[in-house]
Amino acid sequence: MPLKLKTILSLLFAAASALAYAQDMNPAQPGTLNYVEGQVSLAGVPLTMQSVGKTTLQPTQLLETRTGRAEILLTPGVFLRVGANSAVAIVSPEIMHTEVSLVRGKADVEVDQIYKENLILVDQQGTQTQLLKAGLYAFNTPSQSVRVFDGKAAVSNLDAPQDAKHVVIKGGHKLLLTGEPTKPAHFDKDGSEDGLYAWSSLRSEYLGAANENLATEYAGVDDFYSGWFWDQNLFGYTWLPGDGMMFSPFGFGFYSPYYLNGGGMIYGRRGYGRGGYGGGYGHRGNGGPIHGRSGGGMRGGGFHGGGGGAHAGGGGHR
């Protein structure tokens, strides 16, 4: 067989395999596994890169890492990253009440976009942290702490009444979770950039590059909605905003196709604004979007069906 023909056939086979793999993905929703490396298991079953996009953490299931790390999708634009020798569980996978529990070890949460309708909670050592703004949040059970590199969070005691006072942590501050939450203190951001921080930054860079590729492909498409979109080259989901351009806390850009098509930083239209976004999903496989399941794809309206997205409720401090 001529070398040129052999090369072409190999490329066609690889493309067909990638397309078949992408079409086998589950709709992205809170708890979807987006990346894994090293020794990681879910409910005792080992996870590999073949599990990415096909595995969703269910309530009561424990994801555990040994020498590995894992990335999990929460609401569109929010990534949970689990460090080595750690364990996490999904408490609530709802888009308007997304709650995870750090059982042990370390976890970072990158928040690139959050709406007031999103209630995003992280439970740790008898406390509960609500993420209020875009930013980077680091949770650590060995040091019994919450660090807010950028953003804003509110910490309360799980055993306290719902109307009990919470402690607000702003960017550059940490809170020790020894007993009742007390008072946040400044911390050295540069000195706190550990291995998980560096890995999260690298993942954010990869996701930003995948976003730019997909946003370029979808530029000019009408009725585009924010959500998770599968990228074959990344072998994972990335996030595309519904409009404008946004930066991750690590400084990497996430573009909307409208922005690349000359739409500029315009919010409140085509899926943005109060209660108007659809956190759907899309697939990139055959050169365009794949429509169908759960109202997703280009015209999807959220995780739970077409048209609506998240409209009300769920916000505020507990």
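We use all heavy atoms of the structure for the numbers below, so side chains are in, but hydrogens, waters and symmetry mates are not. Just so you know, these numbers come straight off a predicted model, no measurement behind them.
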Visitor: S201 side chain to W199 main-chain N or O, any donor-acceptor pair under 3.5 Å?
Guide: no
Visitor: Can you tell me how far apart CZ (F229) and CG (L214) are? Round to the nearest 0.5 Å.
Guide: 8.5 Å
Visitor: For residues F247 and L136: do they belong to one hydrophobic cluster (side chain heavy atoms under 4.5 Å, members Ile, Leu, Val, Met, Phe, Trp, Tyr)?
Guide: no
Visitor: Can you name the residues that form a side chain to side chain contact (heavy atoms under 4.5 Å, CB included) with V78, not counting sequence neighbours?
Guide: L74, T75, V109, V111, I120
Visitor: Is a side-chain donor or acceptor of T141 paired with a backbone partner of G105 at a separation under 3.5 angstrom?
Guide: yes
Visitor: Quick check on the 6.0 Å ring-centre criterion: do Y35 and Y206 meet it?
Guide: no
Visitor: Check the side chains of N140 and S143 for a donor-acceptor pair under 3.5 angstrom, ignoring hydrogens and angles.
Guide: yes
Visitor: Give the minimum heavy-atom separation between L73 and A28, together with the two atoms involved.
Guide: CD1-CB, 3.9 Å
Visitor: Quick check: does any side chain N or O of Y255 sit under 3.5 Å from a backbone N or O of P241, one acting as donor and the other as acceptor?
Guide: no
Visitor: Does the E212 side chain pair with the main chain of A209, one donor and one acceptor, at a distance under 3.5 Å?
Guide: no
Visitor: So, the side chain of S248 versus the backbone of S204: is there a donor-acceptor pair under 3.5 Å, distance only?
Guide: no
Visitor: Please report the C-alpha distance between Q124 and T129 in whole Å, then the side-chain angles of each, then the deciding distance to 0.1 Å, and finally whether the side chain to side chain contact (heavy atoms under 4.5 Å, CB included) criterion is met.
Guide: CA-CA 8 Å; Q124 175 189 353; T129 301; 5.7 Å; no
Visitor: Are R203 and F79 in a cation-pi setup, meaning NZ or CZ lies under 6.0 angstrom from the ring centre and within 45 degrees of the ring axis?
Guide: no
Visitor: Measure up the F235 and W230 rings against each other and bin them: parallel (under 30°), tilted (30 to 60°), perpendicular (over 60°).
Guide: perpendicular
Visitor: Can you find a side-chain donor-acceptor pair between S226 and W239 that sits under 3.5 Å?
Guide: yes
Visitor: Verify the ring-centre separation between F250 and Y197: is it less than 6.0 angstrom?
Guide: yes
Visitor: Who pairs with R81 by salt bridge (Lys or Arg N to Asp or Glu O under 4.0 Å), at least two apart in sequence or on another chain?
Guide: E71, E110
Visitor: How close do P184 and H173 get, counting heavy atoms only, and between which atoms?
Guide: CB-CB, 4.1 Å
Visitor: Tell me if a side-chain donor or acceptor on D112 pairs with a main-chain N or O of M246 at a distance below 3.5 Å.
Guide: no
Visitor: Tell me the closest heavy-atom pair linking T98 and I95, and the distance in Å.
Guide: OG1-O, 3.7 Å
Visitor: Among L42, I72, V82, V52, which one satisfies side chain to side chain contact (heavy atoms under 4.5 Å, CB included) with V36?
Guide: V52
Visitor: Parallel, tilted or perpendicular: which one describes the rings of Y258 and F224, with boundaries at 30° and 60°?
Guide: perpendicular
Visitor: If you count heavy atoms of other groups shown closer than 6.0 angstrom to CZ of F187, is the number above 12?
Guide: yes
Visitor: Are L102 and V100 connected into the same hydrophobic cluster when the rule is that any two of I, L, V, M, F, W, Y join if their side-chain heavy atoms are below 4.5 Å apart?
Guide: yes
Visitor: Say whether, by atom type as modelled, one donor and one acceptor occur between the side chain of N34 and the main chain of Y237 under 3.5 angstrom.
Guide: yes
Visitor: What about L260 and M245, same hydrophobic cluster or not, with Ile/Leu/Val/Met/Phe/Trp/Tyr joined at side-chain heavy-atom distances under 4.5 Å?
Guide: yes
Visitor: At what distance, to the nearest 0.5 angstrom, does OG1 of T55 lie from CD of Q50?
Guide: 10.5 Å
Visitor: Just verifying a value: how many Å separate T127 OG1 and L175 CG, rounded to the nearest 0.5 Å?
Guide: 8.0 Å
Visitor: Do you reckon L202 sits in the same ILVMFWY cluster as F252, going by side-chain contacts under 4.5 Å, direct or chained?
Guide: no
Visitor: Can you measure from CD (E99) to OG (S92) and round to the nearest 0.5 angstrom?
Guide: 6.5 Å
Visitor: Look at the side chain of K189 and the backbone N and O of F149, then say whether any donor-acceptor pair between them is shorter than 3.5 Å.
Guide: yes
Visitor: Hey, could you give me the CD/CG distance between Q125 and L158, rounded to the nearest 0.5 Å?
Guide: 11.5 Å
Visitor: Can you see which heavy atom on Y137 is nearest to which on A153, and at what distance?
Guide: CE2-CB, 3.8 Å
Visitor: Evaluate side chain to side chain contact (heavy atoms under 4.5 Å, CB included) for L33 paired with T56, printing each intermediate quantity in order.
Guide: CA-CA 6 Å; L33 182 70; T56 301; over 6 Å; no
Visitor: Could you tell me which residues satisfy salt bridge (Lys or Arg N to Asp or Glu O under 4.0 Å) with R104, sequence neighbours excluded, listed by chain and number?
Guide: E64
Visitor: Provide the closest heavy-atom pair for L234 versus A210 in the form atom of the first, atom of the second, distance.
Guide: CD2-CB, 4.0 Å
Visitor: Can you name the closest pair of heavy atoms from S145 and L176 and give their distance?
Guide: CB-CD2, 4.0 Å
Visitor: May I ask whether V146 and L80 are part of the same hydrophobic cluster, defined by side-chain heavy atoms of I, L, V, M, F, W, Y residues being less than 4.5 angstrom apart, directly or through others?
Guide: yes
Visitor: Going through the distances and angles, do Q128 and V122 end up as a side chain to side chain contact (heavy atoms under 4.5 Å, CB included)?
Guide: CA-CA 6 Å; Q128 187 170 80; V122 180; over 6 Å; no
Visitor: In Å, rounded to the nearest 0.5 Å, how long is the span from CD of E37 to OG1 of T65?
Guide: 10.5 Å
Visitor: Determine, for D150 against K133, whether the closest basic-nitrogen to carboxylate-oxygen distance falls under 4.0 angstrom.
Guide: no
